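One structure is given below, encoded as structure tokens.
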Amino acid sequence: MSVPPSLRHIASCKLPTPWGEFTMHGFEEASGQEHVALTFGDVSGDAPVLVRLHSECLTGDALFSLRCDCGFQLEAALDAIAEVGRGALLYLRQEGRGIGLINKIRAYKLQDAGADTVEANERLGFPADMRDFTVARDMLASLGIARVRVMTNNPRKVATLQKVGIEVAERVPLKVGRNSHNDAYLNTKAAKLGHLF
Ligand SMILES: Nc1nc2c(ncn2[C@@H]2O[C@H](COP(=O)(O)OP(=O)(O)OP(=O)(O)O)[C@@H](O)[C@H]2O)c(=O)[nH]1
Ligand SMILES: [Zn+2]
């Protein structure tokens, strides 16, 4: 009996953006979970590729929320990739650090009442961060990317990439979008989740 591949590349298309023309690649996990990658320029070859692993945040990425830094990081990452002329953004469908959109709204409600972002997850019965970044390995492999300069403040992303055999030539900090609404959230990420600010 043959084992189905854990990730399938389904189709690619052009994606014009204010930063220029990206190529959008659609992937599907065996579970049915969908992800996309945007590439810019020629990402083949041995030179490390500027890469962002971005976890889905509907509120920050699409609805202009100031509760987090996600939307600002998304824009800054696309900006940086277009600026160097070559790179990839993996848009991972891991809303709410893996707990999903509705549970994230529940967690925000608890945060409105005083819990921090980690306590809120725990009160709902979830770990602080449920994400598994190994899907990035298969997406990068499918795109022909073996060496990266990864834009993140999250050491766990770097550690996972290294663990699954992606060479991390450099971690590029991505510190944008701090404001009065997300200041405490970002401080909690540094104190409890190990983010490097
Ligand atoms: N459960 C929960 N998830 C949140 C909260 N605020 C933001 N998120 C989610 O956290 C994730 C943030 O992902 P990333 O932008 O990849 O950020 P990161 O792992 O913190 O690290 P960076 O690469 O440094 O940005 C997204 O999935 C958001 O939906 C929150 O208060 N609770
Ligand atoms: Zn966010």
Side-chain angles (χ1 to χ4, degrees), residues 29 33-38 49-81 87-137 139-140 148-164 166 168 170-197:
E29 289 192 69
Q33 179 62 267
E34 299 173 338
H35 303 283
V36 296
L38 304 186
V49 177
L50 187 62
V51 165
R52 165 80 181 151
L53 271 57
H54 192 86
S55 300
E56 178 175 0
C57 177
L58 182 84
T59 47
D61 296 340
L63 301 177
F64 314 102
S65 170
L66 297 177
R67 294 189 75 128
C68 60
D69 54 348
C70 304
F72 303 98
Q73 290 182 312
L74 182 59
E75 282 204 40
L78 295 174
D79 214 23
I81 288 168
L89 181 130
L90 309 190
Y91 194 87
L92 307 173
R93 310 292 303 284
Q94 309 168 317
E95 175 60 66
R97 298 199 298 272
I99 69 176
L101 178 60
I102 299 301
N103 284 321
K104 187 171 82 169
I105 295 171
R106 292 192 174 104
Y108 275 162
K109 184 180 173 196
L110 292 170
Q111 291 171 61
D112 288 343
D116 71 30
T117 183
V118 169
E119 291 162 351
N121 263 37
E122 288 168 352
R123 274 185 219 169
L124 293 170
F126 297 112
D129 189 345
M130 288 184 65
R131 290 173 295 173
D132 175 2
F133 294 111
T134 52
V135 67
R137 169 196 58 196
M139 292 173 77
L140 290 170
V148 300
R149 297 170 58 224
V150 62
M151 291 181 272
T152 184
N153 311 311
N154 184 347
R156 211 160 69 74
K157 288 185 182 172
V158 177
T160 305
L161 288 175
Q162 288 169 332
K163 204 176 92 191
V164 300
I166 304 290
V168 180
E170 185 187 354
R171 180 184 73 84
V172 180
L174 197 56
K175 296 184 215 171
V176 285
R178 191 181 274 268
N179 62 61
S180 60
H181 303 279
N182 66 19
D183 193 51
Y185 163 73
L186 295 176
N187 290 341
T188 301
K189 289 217 293 195
K192 294 192 172 179
L193 298 173
H195 286 63
L196 307 160
F197 288 119

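Since we're looking at a predicted model, the values are computed, not measured. Keep in mind that the numbers below use all heavy atoms, side chains included, and drop hydrogens, waters and symmetry copies. We count ligands from 1, going down the list as the structure has it; atoms in each ligand are counted the same way.
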Could you tell me the separation between the NE2 atom of His195 and the CG atom of Asp69, rounded to the nearest 0.5 Å? 8.0 Å
What is the distance from atom CE of Met151 to atom CG of Asp79, rounded to the nearest 0.5 Å? 9.5 Å
Does ligand 1 have an atom under 4.0 Å from some heavy atom of Arg131? yes
Of the choices Val158, Thr59, Leu53, Thr117, which has the non-hydrogen atom that lies closest to atom 30 (C) of ligand 1? Thr117
In the protein, what heavy atom is nearest to atom 7 (C) of ligand 1, and what distance, to one decimal place, separates them? Tyr185 OH, 3.1 Å
N/O separation below 3.5 Å, Asp69 to ligand 1: no
Please work out, at 4.0 Å between heavy atoms, whether the side chain, the backbone, both, or neither of Phe126 comes within that distance of ligand 1. neither
Might you confirm whether atom NZ of Lys109 has over 12 heavy atoms from other residues, nucleotides or ligands at distances under 6.0 Å? no
Derivation of the side chain to side chain contact (heavy atoms under 4.5 Å, CB included) call for Arg171 and Asn153: CA-CA 8 Å; Arg171 180 184 73 84; Asn153 311 311; 4.0 Å; yes
For Asn153, the atoms of ligand 1 under 4.0 Å from one of its heavy atoms are 22 (P), 23 (O), 24 (O)
Salt bridge check, Asp129 against Lys189: does any charged N sit closer than 4.0 Å to a carboxylate O? no
Taking the basic N atoms (NZ, or NE/NH1/NH2) and the acidic carboxylate oxygens, is any pair closer than 4.0 Å for Arg178 and Asp183? yes
Proximal candidate to atom 10 (O) of ligand 1 [heavy atom criterion; set Arg97, Gln111, Arg156, Gln73]: Arg97
If we ignore hydrogens and angles and just use 3.5 Å, is the side chain of Lys157 paired with the main-chain N or O of Leu53 as donor and acceptor? yes
Quick look: Arg67 vs ligand 1, heavy-atom contacts under 4.0 Å, and the answer is neither
Ligand 1-proximal atoms of Ile99, by part, heavy-atom distance under 4.0 Å: side chain
Using a 4.0 Å cut-off to any heavy atom of Cys57, which atoms of ligand 1 qualify? 28 (C), 29 (O)
Minimum heavy-atom distance between Lys104 and Gly96, given as atom pair plus value: CD-CA, 3.7 Å
List the steps and the verdict of side-chain hydrogen bond (donor to acceptor under 3.5 Å, both in side chains) for Thr59 and Arg67. CA-CA 8 Å; Thr59 47; Arg67 294 189 75 128; over 6 Å; no
Please work out whether any backbone atom (N, CA, C, O) or any side-chain heavy atom from C-beta onward of Lys104 is under 4.0 Å from ligand 1, and answer side chain, backbone, both or neither. side chain
Heavy-atom proximity to atom 16 (O) of ligand 1 ranks first, among Lys157, His195, His54, for Lys157
Are Leu66 and Phe72 packed together at the side-chain level, in the sense that at least one heavy-atom pair is separated by less than 4.5 angstrom? yes
In this structure, atom 15 (O) of ligand 1 is nearest to the protein heavy atom Arg52 NH2, 3.0 Å
Heavy atoms only, cut-off 4.0 Å: how does Gln94 contact ligand 1, side chain, backbone, both, or neither? backbone
Just heavy atoms, cut-off under 4.0 Å: does Asn121 contact ligand 1 by side chain, backbone, both, or neither? side chain
Enumerated ligand 1 atoms positioned under 4.0 Å from heavy atoms of Glu56: 26 (C), 27 (O), 28 (C), 29 (O)
